[in-house]
Each structure stands twice: as C-alpha cells, then as structure tokens.
Amino acid sequence: MACAGTAADPIDDAFFARGAVAVARDLVGATLRFGRLAARIVETEAYAGDPASHFVTRPRTAAMMGTTFGRLYIYRIYGLHRCLNVTADRNGPGAVLLRALEPIEGVAEMARRRGVTDPRQIASGPAKLFVALGIGDDLLGARALDEFTFERPARPPRVASGPRIGISRAKSLRWRFWERGNPHVSR
DNA sequence: TGGCCGATATGCT
DNA sequence: GCATATCGGCCAA
C-alpha cells in the first residue's frame, strides 16, 4: 500500500525494499543520525530505470542499483564532488539521492567541515551534505543501517514534489521531494 | 585512445 | 544569471 507510515514504524530494511519513489518521498522529514551528528532530511530525489538514472547512464558503476536495496551508493561528479544515495527497490533498479539536510545536532562540527557559518549553507545540496557529514568513499556498498539510523518524523511533514535538478533527460518526472517551506532545501 | 558529458558548487557580473 | 573548475565513466572509432 501507499501508506507513508507512522512515527512508530521503524525505518528498516523493508522500508528500503520498496520502490525508489516511495522511499524518497517517505524519507523527507526523517531524522538521519550518524555518530554524534543528527540532521533532518529535507530534500531527496528518486532514480530508477529512467533515462536520467545512473543505472542507465553509468551502468557499470551503478549496477548495485539493480541488485541491492538499503545500501550506500556514492558517486563522483564534476571531478570534485561526491553525493550520497541509498539504494532501493527489492524488485528493480532504484536509489534515493539525499539532496539536503537541516542540521540539528553537531551543527558546529558540520559547519566547520564546510567552512561556512550560515546554517543554510551547511548541507543545502547533495555534495554539501556529503562534506558536512565527514564521510568518505569507503562507505560505498555498506549497509545504510550499519552506518546511519533513520527516525520517522514525529508529525507528517508537508512534502512537495517537482522535477529533479541538474538532469537533461526525463525532466517530466516529478521525482524530487522536499519539505515545503524549509529554508535548508537546496533551492 | 580521444572526446564528450555530467544527479555540483562557487564566485563574479 | 553565467562561467568555470576538474576528472572519472563511457562509448565510438
């Protein structure tokens, strides 16, 4: 069913076994914990077997999109940047790109890593949040739940959707999800 | 082996 | 709003 779940439902492997679009939508508002850091996921994007997906455009490096769920898929882009995804969909290719976080705990640590002071500049973009979390390429392929914990929001967030950002193909799909009005969203 | 392009961020006009 | 750094992945040749 298409139920978004309640605050009591855990975010476990079964959560990520669902389709990428449902996983992306339902991660908005969740709290991501990594060590002493905590942040609210405020923006995500879903990728599946569509023409903009790395499963299609980078079939070798993104093969794990088709064979795993609940695993960390990390990719490099424009030479410099790295972005963090969690694979999804037990029955087909899927991954969810984490695009923006609202820092909650360990804010000073994240700000220092990013070299910024404005809280809105800490993690308001996929490559920004990767730096803010202080993670590395070594997490590629790891179980997401071995590295992070995810907690449902106490109250259902207001989730908006629109076209994914930075892609040249499949622009009509509205597979970007964000918390409406949250200032930490990338745009 | 060469050339093109990219799920970005930043700085400047 | 626009240019550009910077380099791995991919495929055509």
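The structure presented is a predicted model; accordingly, all values stated were derived computationally and were not measured. Sequence lines set the chain letters: A, B, ... in the order given, protein chains first and strands last, and positions in each chain run from 1.
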Inset, instruction - Starting at the 5' end of nucleotides 6-13 of chain C, put B wherever the base has a protein heavy atom under 4.0 Å, S where only the sugar-phosphate does, and a dash everywhere else. - result: BBSSSS--
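Checking A:Phe148, A:Phe69, A:Phe150 one by one against A:Phe16, the ring-ring contact (aromatic ring centres under 6.0 Å, His included) holds for a single residue, A:Phe150. Just one of A:Arg164, A:Arg174, A:Lys171 meets the salt bridge (Lys or Arg N to Asp or Glu O under 4.0 Å) condition when paired with A:Asp50; it is A:Arg164. Exactly one residue among A:Leu145, A:Asp9, A:Leu27 makes a side chain to side chain contact (heavy atoms under 4.5 Å, CB included) with A:Phe15. That residue is A:Leu27.
How far CD1 of A:Ile135 is from CZ of A:Arg82: 9.0 Å, rounded to the nearest 0.5 Å.
In this structure, A:Phe177 is not a member of the same hydrophobic cluster as A:Ile11, with clusters built from ILVMFWY side-chain heavy atoms closer than 4.5 Å. A:Val21 is not connected to A:Val42 by any chain of hydrophobic side-chain contacts under 4.5 Å among Ile, Leu, Val, Met, Phe, Trp and Tyr, and they are in different clusters. Placement of A:Ile74 and A:Phe34 within a single hydrophobic cluster is found when ILVMFWY residues are connected by side-chain heavy-atom separations under 4.5 Å, directly or transitively. Cluster membership check: A:Trp175 does not share its hydrophobic cluster with A:Tyr47, using side-chain heavy-atom separations under 4.5 Å among Ile, Leu, Val, Met, Phe, Trp and Tyr.
Here the P atom of nucleotide B:dT8 and the CZ atom of A:Arg114 are 14 Å apart, to the nearest Å. Atom CE of A:Met65 is separated from atom P of B:dA7 by 11 Å (rounded to the nearest Å). Rounded to whole angstrom, the span from the NE2 atom of A:His81 across to the P atom of B:dC5 amounts to 19 Å. Distance, A:Ile165 CD1 to B:dG6 P: 16 Å, rounded to whole Å.
When atom types are taken as modelled, the side chain of A:Arg71 and the backbone of A:Val86 share no donor-acceptor pair closer than 3.5 angstrom. Judged by distance alone, the side chain of A:Asp12 and the main-chain N or O of A:Ala14 form a donor-acceptor pair under 3.5 Å. Side-chain atoms of A:Asn85 never come within 3.5 Å of backbone atoms of A:Ala95 as a donor-acceptor pair (strictly under, hydrogens ignored).
Judged by the 6.0 Å distance and 45° axis criteria, A:Arg58 is not positioned over the aromatic ring of A:Phe55.
Under 4.0 Å is where a charged nitrogen must lie from a carboxylate oxygen, and between A:Glu105 and A:Arg36 no such pair does.
Within residues 174-187 of chain A, no residue places a heavy atom under 4.0 Å from DNA chain B. Using a 4.0 Å cutoff on non-hydrogen atoms, the parts of residues 125-147 of chain A near DNA chain B are A:Gly125, A:Pro126, A:Ala127, A:Lys128, ordered by number. The stretch residues 82-100 of chain A comes close to DNA chain B through A:Asn85, A:Leu97, A:Arg99, each having a heavy atom under 4.0 Å from the strand.
Side-chain contact of A:Ser124 with A:Ser186: a donor-acceptor pair under 3.5 Å is absent, judged by distance alone. Side-chain polar atoms of A:Asn182 and A:Glu179 form a donor-acceptor pair below 3.5 angstrom.
Base pairing in DNA chain C gives the following stems of 3 or more Watson-Crick or G-U pairs, range against range and under 3.5 Å: B:1-6 with C:7-12, B:8-12 with C:1-5.
Across all their heavy atoms, A:Leu72 and A:Met64 have their closest contact at O-CE, 3.3 Å. Closest approach of A:Cys83 and A:Ile77 over heavy atoms only: SG-CG2, 4.4 Å.
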Output a table of nitrogen or oxygen pairs between the protein and nucleotides 11-13 of chain B separated by less than 3.5 Å.
none

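Separation of the A:Tyr75 and A:His54 ring centroids falls under the 6.0 Å cut-off.
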